[in-house]
Amino acid sequence: VFSQGAMLTVSAVSQSAYGKISALHEHVCAVTPAGQLYCWGNGIIGQLGNGGGSSSTPLLVPNLSNVEFVSAGVYDTCAIHSGGQLSCWGFLNSSPTPSPTGVSNATWVSVGSGHVCFVNTGGEIWCWGENGNGQLGDGTQTSSSNPVQVRWLDGAAVTGAVSVAAGGGETCAKMTG
């Protein structure tokens, strides 16, 4: 793990201990084969899910089980757990611990530097957060605290998405076919 240009060794991390790992902007989160989620690094905005504060050692994120996927963003983290439930924490969600988003059919999630996007079981993409560059994909530049559906230029809902990547002021998706 790199932090402020220096390599940090985290002794509790091994390839056999963690299956899925996500890292961005000074924090890392990893899912164990048993579906537990651990995060470490800079947690000043609550992105570690531990109630606030930083840690150089992996901390178990409370109140989540059966975690299937995690995405660490700049100031936020989201996890898909328990068959499609989406929980997020950090700056955008105003919560330093995991809080449900109301989404129950997520298959992929990506957290950027100010927005979150997810793909649902129908292949639709939904996003929320900052939208100054149109990164929410709804045809506006209006930020939203609630998920908005991504649409094609003709206004039709995007379907057939496999995954999505939320960046700084942009969003990209991998489509079927």
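Not measured: the values here are computed from a predicted model. We number each residue from 1, following the sequence as shown. Just so you know, these numbers use all the heavy atoms, side chains as well, and skip hydrogens, waters and symmetry mates.
- One hydrophobic cluster holds both Val164 and Val103 under the rule that ILVMFWY side chains link at heavy-atom gaps under 4.5 Å.
- Transitive grouping of hydrophobic side chains (ILVMFWY, heavy atoms separated by less than 4.5 Å) brings Leu92 and Ile80 into a common cluster.
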- [ ] Show your reasoning for whether side chain to side chain contact (heavy atoms under 4.5 Å, CB included) applies to Ser82 and Ser65.
- [x] CA-CA 7 Å; Ser82 304; Ser65 60; 4.1 Å; yes
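- Atoms OG and CG, on Ser99 and Asn63 in that order, are 10.5 Å from each other to the nearest 0.5 Å.
- Shown here for Gly90 and Asp76, the closest heavy-atom pair between the two residues is C-OD1, 3.3 Å.
- Note that the SG atom of Cys172 and the CD atom of Gln135 stand 11.5 Å from one another [nearest 0.5 Å].
- For the pair Tyr38/Thr32, a side-chain contact is recorded, criterion being any heavy-atom separation below 4.5 Å from C-beta on.
- In the hydrophobic clustering of ILVMFWY residues, with side-chain heavy atoms under 4.5 Å counting as a link, Trp108 and Val148 come out apart.
- Using a 4.5 Å cut-off between side-chain heavy atoms of Ile, Leu, Val, Met, Phe, Trp and Tyr, with links allowed through other members, Trp126 and Val158 fall into the same hydrophobic cluster.
- Closest approach of Ser110 to Ser71, counting heavy atoms only: CA-OG, 3.4 Å.
- Rounding to the nearest 0.5 angstrom, the gap separating the CG atom in Asn42 from the OG atom in Ser54 is 4.0 Å.
- Defined by atom type and a distance below 3.5 Å, a donor-acceptor pair is present between the side-chain atoms of Asp138 and Thr140.
- Proximity of a side-chain donor or acceptor of Lys20 to a complementary backbone N or O of Glu68 within less than 3.5 Å is detected.
- No path of Ile, Leu, Val, Met, Phe, Trp and Tyr side chains, each step under 4.5 Å between heavy atoms, connects Phe69 with Leu37, placing them in separate hydrophobic clusters.
- A heavy-atom distance below 4.5 Å is found between the side chains of Gln47 and Thr77.
- The 12-atom threshold is exceeded at CG of Leu60, counting heavy atoms of other residues, nucleotides or ligands nearer than 6.0 Å.
- Two residues are said to be in side-chain contact when any heavy atoms from C-beta on lie closer than 4.5 Å; Thr101 and Ser87 fail this criterion.
- Contact check for Phe91 versus Asn93: no side-chain heavy atoms found under the 4.5 Å cut-off.
- In this structure, the separation between OG on Ser55 and CG on Asn50 is 7.5 Å, given to the nearest 0.5 Å.
- The side-chain contact (heavy atoms from CB on, under 4.5 Å) test with Tyr75 singles out one residue from Glu26, His27, His25, and that residue is His25.
- One finds the CD1 atom of Ile21 at 11.0 Å from the SG atom of Cys39 (value rounded to the nearest 0.5 Å).
- Partner of His81 under the side-chain contact (heavy atoms from CB on, under 4.5 Å) criterion, chosen from Leu64, Leu86, Val61, Val70: Leu64.
- Contact annotation: the side chain of Cys127 approaches that of Val150 to within less than 4.5 Å [non-hydrogen atoms, C-beta and beyond].
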TODO: Would you check, one step at a time, whether the test side chain to side chain contact (heavy atoms under 4.5 Å, CB included) holds for Val28 with Trp40?
DONE: CA-CA 5 Å; Val28 179; Trp40 63 96; 3.5 Å; yes
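- Annotation for Gly49 and Pro62: closest pair O-CD, 3.2 Å, computed over non-hydrogen atoms.
- Within the structure, disulfide (SG to SG under 2.5 Å) pairs that include any residue of residues 139-168 do not occur (at least two apart or interchain).
- Side chain of Thr159 to main chain of Gly123: no donor-acceptor pair is present (N/O by atom type, distance under 3.5 Å, no hydrogens or angles).
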Open item on the list: Does His115 form a side chain to side chain contact (heavy atoms under 4.5 Å, CB included) with Leu136? I'd like the steps, not just the answer.
Closed with: CA-CA 8 Å; His115 70 294; Leu136 299 187; 3.9 Å; yes
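- Side-chain contact between Val109 and Val116 is present, with at least one heavy-atom pair separated by less than 4.5 Å.
- The side-chain heavy atoms of Asn133 and Glu170, taken from C-beta on, include no pair separated by under 4.5 Å.
- Here the closest heavy-atom approach between residue Val67 and residue Ala79 is recorded as CG1-CB, 4.1 Å.
- Side chains of Gln149 and Glu124: a donor-acceptor N/O pair is present below 3.5 angstrom, by distance only.
- Nearest heavy-atom pair, Asn131 versus Gly137, reported as atom, atom and distance to 0.1 Å: OD1-N, 4.4 Å.
- No donor-acceptor pair closer than 3.5 Å links the side chain of Ser144 to the backbone N or O of Gly129.
- For the pair Trp128/Phe118, a side-chain contact is recorded, criterion being any heavy-atom separation below 4.5 Å from C-beta on.
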